[in-house]
2 protein chains.
Amino acid sequence: MSSMDIERAQLTLFTELAEIARTLGSPHRLMLLQHVAQGARSVERLAELTGLSMANASQHLQHLKRSNLVATERDGKRVLYSIASGPINEVLGALTRLAEHQRAEIQSVISDSLTQRDRLEGISREELLERLRESSVTLLDVRPREEFEMGHLPGAINIPAEVLEEHLSMLPQDHEVVAYCRGPHCVLSTSAVDTLRQNGIKARLLDTGFPEWKAAGLTIETGA
Amino acid sequence: MSSMDIERAQLTLFTELAEIARTLGSPHRLMLLQHVAQGARSVERLAELTGLSMANASQHLQHLKRSNLVATERDGKRVLYSIASGPINEVLGALTRLAEHQRAEIQSVISDSLTQRDRLEGISREELLERLRESSVTLLDVRPREEFEMGHLPGAINIPAEVLEEHLSMLPQDHEVVAYCRGPHCVLSTSAVDTLRQNGIKARLLDTGFPEWKAAGLTIETGA
DNA sequence: TAATTATTCAATGGATTGATTGATTAAAGA
DNA sequence: TCTTTAATCAATCAATCCATTGAATAATTA
């Protein structure tokens, strides 16, 4: 193996990595990816969910496909896009943690925010299970009702993020609240945690979301 | 918190993520980042290491800086670039694993490669320590001699990747070999593992590199 | 102070990207 | 078969990106 070959190998690896990173380097594609990660969706639905035009959504989805981040399957006259196999969520999770770290670093200079520090430190699945067993926490699912009813973590109560502020009275003031939504890169529950804290409720964020919980083979409740 | 606010928060988060991903979306910037991750380097050195022109390297480095992936510090008439704090390696590691996963998936269709599967499964620090204690493995450092001499894992022998093929006789034929270099995103040791296997030596890849080992506070040897 | 070295800035041009529009293909139903 | 619906393709245009060039700035040395 000559050092020439090594350089070439380095270059091709970096080129591959760069290609993936580039594909992730568009807010619209990230939004599409996030929705696709919830389950197979048609182009039309994805366009609607993201507010993009059909043609534009289609092109972005094809871009994601070229990078092997999503897969397609035909269903009658529709084409369903679903997330590809592989550690895609890990990449998005790592990216999110990096972004949050950077944001925290900036904010810790600007503001003296006390909540900032531990907002990043989510609660782990293991700790959650332990705390649930001794019922010292309330588990809060902030996804839309329909998603909640399709399946949720056992014992969770559902208050969609968009109505959280008006339904704070449903939450116990003494217990700590652990919020979760779709995945580690879901922004809904971090804003939920902010809202809760601003209202004097002790709140933390589950470091995994519903899809991961399901993937880990843990028990799930359905219905309302 | 209205659902309008959520959408805006989503958008800004995704925009931030996309910006980081975009910055990583260039092979040249990834190369620069990899070198910078080894320690503080001047623009000139980095230009030389990557084969870029000074002005070009400088601009890419500034791009990396704008995304808070590197930091600068003046040293006399030179400007030293170093890696920023935060889980940057985690992102690169996750990206690399994703790329390798994709590559493996393609290759497992094309070729019937037996080695492909477990090449990805590196050996963990814990397992390595155990195996070293019972001296059932040989630890191989494939970085350039100078880096090796600055510090390496205890008990490792050094054969730089570019001369590995000519020095195979230095390696025991009966022991398993564990190769490592700089970090999980270092391509050197994966090519090293390939070379070794092609020559009938049982080889695996350490799932962390020297920087991580050092960061974990484990013992280090210096000198030749 | 002048000359040197290291880096950045500013301007240029070619290549690529992202969104829009309208045309085209594919499958299903009337 | 003709129409409808879902998705993709092709063409366009503005915006951005990347590398190059040469000039400008900053710190050091003669």
Side-chain angles (χ1 to χ4, degrees), chain A residues 11-12 14-36 39-83, chain B residues 11-12 14-36 39-83:
Chain A
L11 191 66
T12 56
F14 283 138
T15 306
E16 281 173 36
L17 295 192
E19 236 171 73
I20 298 175
R22 256 184 148 184
T23 304
L24 298 176
S26 142
H28 286 161
R29 281 195 291 270
L30 288 176
M31 288 171 89
L32 286 166
L33 196 55
Q34 204 224 16
H35 286 293
V36 159
R41 301 276 134 91
S42 69
V43 178
E44 190 174 35
R45 187 79 220 287
L46 289 166
E48 183 188 307
L49 286 166
T50 54
L52 300 176
S53 72
M54 281 267 299
N56 196 10
S58 175
Q59 296 197 145
H60 278 303
L61 287 165
Q62 284 171 67
H63 193 154
L64 287 166
K65 192 182 177 183
R66 252 175 276 132
S67 297
N68 295 309
L69 296 170
V70 299
T72 58
E73 160 199 18
R74 212 170 232 290
D75 166 37
K77 62 178 122 180
R78 295 183 304 170
V79 173
L80 300 182
Y81 278 83
S82 51
I83 195 145
Chain B
L11 191 66
T12 56
F14 283 137
T15 306
E16 280 173 36
L17 295 193
E19 236 172 74
I20 298 174
R22 221 151 199 233
T23 305
L24 297 176
S26 142
H28 286 160
R29 280 195 293 269
L30 287 176
M31 288 171 91
L32 286 166
L33 196 55
Q34 203 222 15
H35 287 292
V36 159
R41 301 274 134 92
S42 69
V43 177
E44 189 174 35
R45 188 78 220 287
L46 289 166
E48 184 188 307
L49 285 166
T50 54
L52 300 175
S53 73
M54 282 267 298
N56 196 10
S58 175
Q59 297 197 143
H60 279 305
L61 288 165
Q62 284 172 66
H63 193 154
L64 287 166
K65 191 182 177 183
R66 253 175 276 131
S67 297
N68 296 308
L69 296 171
V70 300
T72 59
E73 160 199 16
R74 214 170 230 290
D75 166 37
K77 63 177 120 179
R78 295 182 306 168
V79 173
L80 300 182
Y81 279 83
S82 51
I83 196 146

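Small disclaimer: the values here were computed from a predicted structure and weren't measured. To find a chain, count down the sequence lines: A is the first, B the second, and so on, and within it residues start at 1. Keep in mind that the numbers below use all heavy atoms, side chains included, and drop hydrogens, waters and symmetry copies.
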Could you state the CG-P distance from A:Asn56 to D:dT12, rounded to the nearest angstrom?
19 Å

Grab the NE2-C1' distance between B:His63 and D:dT16 for me, whole Å please.
11 Å

With a 4.0 Å cut-off on N to O distance, would you call B:Glu48 and B:Arg45 a salt bridge?
yes

Please determine if a side-chain N or O atom of B:Arg22 lies less than 4.0 Å away from the OP1 or OP2 oxygen of D:dC17.
yes

Rounding to an integer number of Å, can you tell me how far B:Glu44 CD sits from D:dT28 P?
16 Å

If I take atom CG from residue B:Leu64 and atom CG from residue B:Leu33, how far apart are they, to the nearest 0.5 angstrom?
5.5 Å

Does C:dA19 have its OP1 or OP2 closer than 4.0 Å to a side-chain nitrogen or oxygen of A:His60?
yes

Return the value, rounded to whole Å, for the distance between atom CE of A:Met54 and atom C1' of C:dA26.
13 Å

A:Ser26 side-chain proximity, nearest of C:dG18, C:dA28, D:dC18:
C:dG18

Just how far, in rounded Å, is P of C:dG18 from CG of A:Leu52?
12 Å

To the nearest angstrom, the CG-C1' distance between A:Leu61 and D:dT8 comes to 11 Å

Give the rounded distance in Å between these two atoms: CD of A:Gln59 and C1' of C:dT16.
14 Å

Is it the case that the side chains of A:Arg41 and A:His35 hold a donor-acceptor pair, with the cut-off being a distance below 3.5 Å and no angle test?
no

Any side-chain N or O of A:Tyr81 under 4.0 Å from OP1/OP2 of D:dT8?
yes

Please work out if A:Gln62 contacts a base, only the sugar-phosphate, or nothing of the nucleic acid, heavy-atom cut-off 4.0 Å.
sugar-phosphate

Taking only N and O in the side chain of B:Arg29, is any of them less than 4.0 Å away from OP1 or OP2 of D:dC18?
yes

Have B:Ser58 and B:Gln62 got a donor and an acceptor in their side chains that come within less than 3.5 Å?
yes

B:Glu19 CD - C:dG18 P separation (whole Å)
14 Å

What is the nucleic acid contact for A:Arg45, judged by heavy atoms within less than 4.0 Å: base, sugar-phosphate only, or nothing?
nothing

Measuring from the side chain of A:Val43 (C-beta onward, heavy atoms only), which nucleotide among C:dA10, D:dA7, C:dT20 has the closest atom?
D:dA7

Assign each of B:Thr72 and A:Ala55 to its nearest nucleotide of DNA chain C by heavy atoms, then name whichever residue's nucleotide is nearer the 5' end.
B:Thr72

Minimum side-chain heavy-atom gap A:Leu69-A:Leu24 below 4.5 Å:
yes

Using heavy-atom distances to pick each residue's nearest nucleotide on DNA chain C, tell me which of A:Lys77 and B:Leu80 is more 5'.
B:Leu80

At under 4.0 Å, does any side-chain N or O of B:Ser58 touch on OP1 or OP2 of C:dT7?
no

